[in-house]
Amino acid sequence: MKSNRLFFGTALIALLASSVLGQTNAGRATFATPDTPATATETTLATDDNATADARATEVATPAATFTVTAPATLDLSGTPFAVMAALHAAGLVPAGGRELFDLPFGYALTSDPGFSFLPLGGHQKARDFVVNFQVIWYSAGNDSACGLSFHETDTGSGAVFLSNDGLVILTQQDGSQRILDYRQPSTLFSRKTVNRVTLIALGETLTLYINGQLETVAAGQSVSGGFSFEVYNALDNHTVTDCHYRHVWVWPLDSP
């Protein structure tokens, strides 16, 4: 993993993994139980209805031209992994096949450290083409802090998807000093005061991102086999504990089309 982006310091990053498929090597992180007190006061926030996005459908061909992605504006991605994969296949977004790599029912990460903090998932298992689906909510965060998940992790780089406390959807990928993708856009597809579902499809060099079942973007990335982590971002001047809670985190590698 990229040591220049790994800033744990004195932060508490805790993970609860109760699934056999979701066994995790936590590195320098601290395992916790549901009774472990958080380092920040948790505040119950009212739920806002997610705004409805304008209908958007984007068609992108992968570089190999073997599988064409036509992304519907809206999909029901709220079911079980099998139901979600069936819906994505019926929509023409993924080929048939694949299997679940790991499934984590619940996890959380708390840190006030500046920069990017990581917590590896799935015992460092890797995937190249995959669907990752997770729910996330934060109870406290710095003004522009973000909760997300890292993917395609290698010794030289990784990709990441974030929802930020200042209302941005962020999708990035970097390999060494090369910035491959840097998508950062304000979005009405999620609320900072409720649980949000993130669905990312990596197929070839095409990344298709849904937020709460609505299409956010289709972007070009780099096809590489790599691991997964919870990832938290805090600004360099941050002093607030960012408290990211994750639910139903699963990864489904895809057979090559």
Side-chain angles (χ1 to χ4, degrees), residues 1-2 4-7 48 50-58 60 69 71 73 77 109 111-119 130-138 140-154 156-203 205-224 226 228-238 240 242-244 246:
M1 189 172 292
K2 310 161 294 306
N4 62 318
R5 294 184 64 202
L6 184 58
F7 300 100
D48 288 345
N50 291 319
T52 301
D54 294 335
R56 289 172 289 174
T58 306
V60 176
V69 175
L77 302 175
T111 181
S112 60
D113 278 8
F116 296 88
S117 300
F118 297 84
L119 183 62
F130 61 83
V131 175
V132 60
N133 190 295
F134 65 95
Q135 299 175 35
V136 64
I137 186 173
W138 52 96
S140 66
N143 290 336
D144 54 359
S145 296
C147 299
L149 188 139
S150 178
F151 60 91
H152 282 165
E153 294 176 348
T154 68
T156 59
S158 72
V161 56
F162 291 102
L163 303 183
S164 77
N165 198 37
D166 56 352
L168 299 180
V169 171
I170 302 169
L171 181 62
T172 66
Q173 191 173 22
Q174 188 158 337
D175 186 8
S177 61
Q178 180 185 7
R179 180 58 61 92
I180 298 162
L181 172 62
D182 190 8
Y183 176 91
R184 302 165 186 266
Q185 292 294 326
S187 179
T188 60
L189 300 186
F190 75 95
S191 168
R192 289 164 285 180
K193 300 179 180 181
T194 190
V195 176
N196 297 284
R197 181 184 302 276
V198 178
T199 307
L200 177 66
I201 305 157
L203 186 61
E205 295 187 355
T206 301
L207 299 172
T208 305
L209 177 62
Y210 281 85
I211 307 296
N212 293 315
Q214 299 183 73
L215 180 64
E216 172 65 33
T217 189
V218 178
Q222 183 180 67
S223 179
V224 59
F228 302 85
S229 294
F230 288 153
E231 187 170 359
V232 180
Y233 169 75
N234 288 315
L236 295 180
D237 59 351
N238 178 74
T240 302
T242 299
D243 181 7
C244 305
Y246 299 85

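Contact check for Thr208 versus Leu215: side-chain heavy atoms found under the 4.5 Å cut-off. Counting heavy atoms from C-beta on, the side chains of Leu149 and Val198 never come closer than 4.5 Å. Counting heavy atoms from C-beta outward, Ser112 and Asn238 have side chains that approach closer than 4.5 Å. Within the 4.5 Å cutoff, the side chain of Val136 has no heavy atoms near those of the Phe190 side chain. When side chains are defined from C-beta on, Pro186 counts as touching Leu168, because their heavy atoms get closer than 4.5 Å. Between Tyr210 and Leu77, some side-chain heavy-atom pair lies under the 4.5 Å cut-off.
Atom-to-atom distance recorded for Ser150:OG and Phe162:CZ is 7.5 Å, nearest 0.5 angstrom. To the nearest 0.5 Å, atoms CD1 (Ile211) and CG (Leu200) are separated by 9.0 Å. Here the straight-line distance linking atom CG of Leu209 with atom CD of Gln214 works out to 12.0 Å at 0.5 Å rounding. Here Ile201 contributes atom CD1 and Thr206 contributes atom OG1; the two are 10.5 Å apart, rounded to the nearest 0.5 Å. Note that CG of Leu171 and OH of Tyr183 are 8.5 Å apart. Values are rounded to the nearest 0.5 Å. Note that the CD atom of Glu216 and the CG atom of Leu189 stand 5.0 Å from one another [nearest 0.5 Å].
Judged by distance alone, with hydrogens and angles left aside, the side-chain atoms of Gln173 form a donor-acceptor pair with the main-chain N or O of Gln222 at under 3.5 Å. A donor-acceptor pair is defined here as one N or O able to donate and one able to accept, closer than 3.5 Å; such a pair exists between the side chain of His152 and the backbone of Val224.
Every ring pair (Phe, Tyr, Trp, His ring centres under 6.0 Å) that Tyr233 has, sequence neighbours left out, goes to Phe116. Applying the side chain to side chain contact (heavy atoms under 4.5 Å, CB included) rule to Ser223 yields the partners Arg128, Asp129, Glu205; only residues at least two apart in sequence or on another chain are considered. In this structure Ser145 satisfies the side chain to side chain donor-acceptor pair (under 3.5 Å) test together with Asn234, Thr242, sequence neighbours excluded. The side chain to side chain donor-acceptor pair (under 3.5 Å) search around Asp175 returns Thr156, not counting sequence neighbours. Arg179 meets the side chain to side chain contact (heavy atoms under 4.5 Å, CB included) test with Gln174, Asp182, Arg184; sequence neighbours excluded. Looking at residues two or more places apart in sequence or on another chain, you find a side chain to side chain donor-acceptor pair (under 3.5 Å) between Asn165 and Trp138.
Between Glu153 and Ser229, the closest heavy-atom pair is OE2-OG, 2.8 Å. The heavy-atom pair separating Glu231 from Ala160 by the smallest distance is OE1-CB, 3.4 Å. Of all the heavy atoms in Cys244 and Ala146, the pair that sits closest is SG-O, 4.4 Å. The two residues Ala235 and Asp144 come nearest to each other via the heavy atoms CB-OD1, 3.4 Å. The two residues Gly148 and Tyr246 make their nearest non-hydrogen contact at O-OH, 2.8 Å.
Using modelled atom types and a 3.5 Å distance limit, the side chains of Thr217 and Gln185 yield no donor-acceptor pair.
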* Can you list the steps and then say if Leu207 with Phe151 is a side-chain contact (heavy atoms from CB on, under 4.5 Å)? -> CA-CA 11 Å; Leu207 299 172; Phe151 60 91; 4.2 Å; yes
